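Just so it is clear, the model here is predicted, and its values are computed rather than measured. Starting from 1, each residue takes its place in the sequence as its number.
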Amino acid sequence: MVLVYTSAIFQGTEIPKKQVQKYVSRLKHKRKKYRRRSTFGVGKDGEQWVNYLDRHSLEIQELMKLTRNKRRFYQQGIRAATLIASIS
């Protein structure tokens, strides 16, 4: 359990450094005193998001064929997932 917690904390600190946190969780609002997600939560959500994209990649590609104007956003998301996956 300690290893999983440590891994999530490590990923949660690396995700904002790679500037892909907006794909994983909501960013901190400028006027708010506290963050919306903890470092642990960001790391855990990043891992879940990458696993989801891996599991449903065929369905996502089919949807992208239907909506070609969203392809750029899809490619940005895939790039972010690749960066997050390279952390672990």
If only atom types and distance count, is the side chain of S38 paired as donor or acceptor with the main-chain N or O of G41 below 3.5 Å?
yes
For the CG atom of N51 and the CD atom of Q48, what is their distance to the nearest 0.5 Å?
8.0 Å
Does some side-chain heavy atom of K44 sit less than 4.5 Å from a side-chain heavy atom of E47?
no
Distance check, rounded to the nearest 0.5 Å: E14 atom CD versus T39 atom OG1?
11.5 Å
Are F73 and L63 co-members of a hydrophobic cluster defined by side-chain heavy atoms under 4.5 Å apart?
no
Roughly how far, to the nearest 0.5 Å, is the CE atom of M64 from the CD atom of E59?
12.5 Å
When you measure from the side chain of S7 to the backbone N and O of V4, does any donor-acceptor pair fall under 3.5 Å?
no
Hydrophobic cluster membership, with links at side-chain heavy-atom distances under 4.5 Å among I/L/V/M/F/W/Y: are F40 and I15 in one?
no
Any carboxylate oxygen within less than 4.0 angstrom of a Lys/Arg side-chain nitrogen, looking at K65 and E62?
yes
Closest heavy-atom contact between L53 and A81?
CD1-CB, 3.6 Å
Side chains of K18 and I84 in contact at under 4.5 Å (non-hydrogen atoms):
no
Rounded at 0.5 Å granularity, tell me how far CD1 in I87 sits from NZ in K17.
9.5 Å
Under the criterion side-chain contact (heavy atoms from CB on, under 4.5 Å), I'd like the reasoning laid out for R79 against Q76: C-alpha separation, chi angles, the key distance, then a yes or no.
CA-CA 5 Å; R79 181 184 168 276; Q76 288 174 353; 5.7 Å; no
Could you give the distance from CG (L83) to CD (Q19), rounded to the nearest 0.5 Å?
10.0 Å
What is the distance from atom CG of D45 to atom CD of Q21, rounded to the nearest 0.5 Å?
10.0 Å
Do you reckon I9 sits in the same ILVMFWY cluster as V20, going by side-chain contacts under 4.5 Å, direct or chained?
no
Hydrophobic clustering (ILVMFWY, side-chain heavy atoms < 4.5 Å, transitive) - are F10 and W49 grouped together?
yes
